[in-house]
Structure formats: structure tokens, C-alpha cells
Amino acid sequence: MSRELAMRRREIGSRWRQLTPRRQALLALAHLRCGDIYAQLAAGFGIRIATVYRYVREAIDVPAVLALTLDQAMARARRKAYAILDGTVLPSNRIAADGPYYSGKKRHHGMNVHVLTDPLGRLLWASPALPGATHDLTAARDRCIIDALAQAGLNCWADKAYQGAGYPVRVPFKGRRLKWWQRRHNTTHAQIRCVGERAMATLKSWRLLRKLRCSTNRMTNVVKAVLVLLNLPLDHGRLETGILRFQRK
């Protein structure tokens with residue numbers, strides 16, 4: 001990340017900063033990985049809180065543009081046997097009056113995010129965040145995930161929340177009194193889909209995503225930045241293209 005930040009500074013003609021690109025990258029990683037708040041980062045790095053805010057915002061936007069689009073994720077997923085779709089509500093510090101952000105299922109405020117993973121549990125794509133009250137199936141349709149899977153002809157495994165999605169999303173059977181073949185199907189389905197649960201746990205290992213304190217408008221870029229940093233060794237060849245795309249904005 002430090003190299004991309006240095007390129008960004010040269011592009012905008014920034015002559016002097018309080019932190020070097022390497023220190024700015026460390027600042028952003030401490031915020032994303034450890035969940036440190038701006039006051040703690042300001043005290044630790046010896047800069048003002050307003051400066052921390054600007055540096056973190058810039059360091060998040062630079063890798064966020066490297067995230068795969070849905071079409072690029074479909075092109076990569078087509079080389080795999082299948083994909084796994086999963087959604088979660090990332091907790092946030094919204095107040096009780098923010099009804100659209102309250103998830104009745106999770107019983108907390110947050111933002112609804114969906115991810116696609118490959119059969120090995122590697123995260124491919126994360127959807128733009130929606131208010132936590134949005135149902136998983138509604139969110140998948142709103143973000144055109146189901147249509148993209150159907151056009152790609154890619155089989156996808158998902159949980160019970162996506163029942164009614166139709167082809168090509170495969171879901172388990174619901175109910176208590178299931179026939180033996182339905183129970184066997186659910187067992188096999190769970191063995192395949194558990195890899196996606198592990199990928200979601202990897203995403204949430206970044207502590208900032210366990211309690212988001214930023215604006216809801218920033219949550220999409222935060223998730224994309226974390227996704228890119230997790231896949232950085234796999235996508236190293238795309239860094240130059242991504243930073244140039246950011247500089248044109």
C-alpha cells in the first residue's frame with residue numbers, strides 16, 4: 001500500500017506530509033486491522049485527529065478502487081467449479097432512531113454486505129453495503145447478483161435466506177419433518193457452503209468490521225479496501241492499473 005500512496009502523492013503534487021507513505025499505510029492498517037479509533041491513532045503517531053481522518057480516508061480509497069467489479073468477479077468465478085454466496089450484517093454504532101439500519105434477525109444496527117467466494121474459500125467480490133434491515137434475497141436481487149450468476153451459467157451455493165432466488169442459486173430444504181433424501185441433501189449442502197462461512201470469518205477478523213464507526217456512505221469503500229488487502233498477494237499485477245484508475249477520478 002505504501003507504494004501506491006507514494007504514487008498518489010506524486011500525482012497530486014504533494015510536497016510534504018507529516019507522515020511518510022509507509023507510516024500512512026501503517027496508520028490505515030492499524031485502523032482497519034486493529035480497530036483503533038482516531039484519537040488513539042493521533043496519540044500514537046503524534047498528529048492531529050483531523051490529519052488522521054484525512055490520511056485514513058485517502059489510504060482506504062486507494063486500494064478500494066482495485067476491488068473487482070461484479071463482471072470481473074464473474075469472469076474469474078467461471079474458471080472455478082462453482083461459487084458460494086453469503087451475506088452478513090456488519091455492526092455499526094447507529095442510534096435507535098435509525099430504523100432502516102436495524103436488523104431484526106441480528107438484533108443490532110448495521111450494514112448488509114454480500115460476498116462471493118470460490119470453492120477454496122477465497123473472497124472474490126463484496127457488494128456495495130445496504131441498510132441492515134434489507135433482507136438477504138432482496139439485497140441479492142438489488143445488486144444484480146442473481147442475474148449475473150444466471151448469465152454466467154455459474155452454480156452457486158447459498159443458505160436458507162436465499163430461498164426463492166431460483167436458478168442458479170442452490171439452497172437447503174427448510175422444515176423440521178424432512179425426508180431422508182432431503183436431510184442428506186442438506187448435509188452435503190452444508191459441507192460445501194461451510195467454506196464460505198470461513199471466508200466471512202476471515203473478513204470479520206479485521207476488527208473495524210466488528211463495530212463500524214464511520215459514516216454509512218464510507219462502509220462500501222472500507223469493505224472493498226479490506227477485500228483488496230486480503231487478496232493483495234494474488235492481485236499484485238493489478239496494482240499499477242488500479243492506482244491509475246484512482247488518479248483519473
Side-chain angles (χ1 to χ4, degrees), residues 63-92 100-101 103-106 110-174 186 189-190 192-204 206 209 212 216-231 234-235 238 242:
V65 298
L66 298 174
L68 296 176
T69 64
L70 183 57
D71 291 338
Q72 291 172 335
M74 288 296 107
R76 179 172 293 188
R78 275 196 296 265
R79 299 196 294 265
K80 312 295 182 180
Y82 56 87
I84 301 172
L85 174 63
D86 197 11
T88 187
V89 178
L90 300 175
S92 69
Y101 298 95
S103 171
K105 179 181 178 181
K106 298 294 184 179
M111 297 294 287
N112 193 317
V113 175
H114 294 259
V115 298
L116 284 171
T117 64
D118 65 8
L120 298 178
R122 290 190 293 258
L123 290 162
L124 297 175
W125 177 79
S127 70
L130 287 171
T134 308
H135 191 273
D136 285 346
L137 181 57
T138 302
R141 287 172 174 167
D142 182 78
R143 297 309 182 189
C144 301
I145 302 173
I146 299 174
D147 291 340
L149 290 168
Q151 291 177 4
L154 182 66
N155 289 325
C156 177
W157 268 254
D159 58 21
K160 296 177 182 178
Y162 298 92
Q163 284 203 344
Y167 177 82
V169 180
R170 300 187 178 186
V171 296
F173 291 100
K174 293 181 67 175
N186 285 358
H189 186 280
I192 297 174
R193 198 181 61 81
C194 69
V195 180
E197 296 285 354
R198 187 166 65 245
M200 187 65 74
T202 302
L203 184 67
K204 291 182 179 179
W206 294 63
L209 299 183
L212 293 161
T216 54
N217 297 326
R218 297 287 304 161
M219 291 184 182
T220 296
N221 272 5
V222 169
V223 174
K224 287 184 176 181
V226 171
L227 187 68
V228 170
L229 293 173
L230 283 171
N231 293 330
L234 300 176
D235 297 332
R238 301 173 56 246

Inset, instruction - Using the side-chain contact (heavy atoms from CB on, under 4.5 Å) rule, take L130 and R143 through it: C-alpha gap first, then chi angles, then the decisive distance, then the call. - result: CA-CA 10 Å; L130 287 171; R143 297 309 182 189; 2.9 Å; yes
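Residues G164 and R141 share a closest heavy-atom pair of O-NH2, 3.0 Å. Nearest heavy atoms, I84 versus D118: CD1-O, 4.2 Å. Across all their heavy atoms, M219 and S92 have their closest contact at CE-CB, 3.5 Å. When all heavy atoms are compared, the tightest approach of L137 to A161 is CB-O, 3.8 Å. When all heavy atoms are compared, the tightest approach of G196 to D86 is O-OD2, 4.2 Å. The two residues R170 and H189 have their closest heavy-atom pair at O-NE2, 3.0 Å.
Note that the OG1 atom of T117 and the CG atom of L203 stand 11.0 Å from one another [nearest 0.5 Å]. A distance of 6.0 Å separates SG in C156 from CG in L116, rounded to the nearest 0.5 Å. Rounded to the nearest 0.5 Å, atoms CH2 (W157) and CD1 (I192) are 5.0 Å apart. The structure places CG of L209 at 12.5 Å from CE of M111, a figure rounded to the nearest 0.5 Å. Rounding to the nearest 0.5 Å gives a distance of 11.0 Å between CZ of R198 and CG of L123. A distance of 7.5 Å separates CD1 in I146 from CG in L85, rounded to the nearest 0.5 Å.
Of the possible donor and acceptor atoms, one in the side chain of Q72 sits under 3.5 Å from a partner among the backbone N and O of T69.
When side chains are defined from C-beta on, D159 does not count as touching V171, because their heavy atoms never get closer than 4.5 Å. Within the 4.5 Å cutoff, the side chain of N112 has no heavy atoms near those of the H135 side chain.
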Let me check something: any side-chain donor-acceptor pairs from residues 220-227 under 3.5 Å, sequence neighbours excluded? List them with distances.
unit_1	atom_1	unit_2	atom_2	d
T220	OG1	A129	N	3.0
N221	ND2	D61	OD1	2.9

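With sequence neighbours left out, D136 forms a salt bridge (charged side-chain N to carboxylate O under 4.0 Å, His left out) with no residue at all.
Annotation: ring-ring contact (aromatic ring centres under 6.0 Å, His included) contacts involving residues 114-134, sequence neighbours excluded, comprise H114-Y162.
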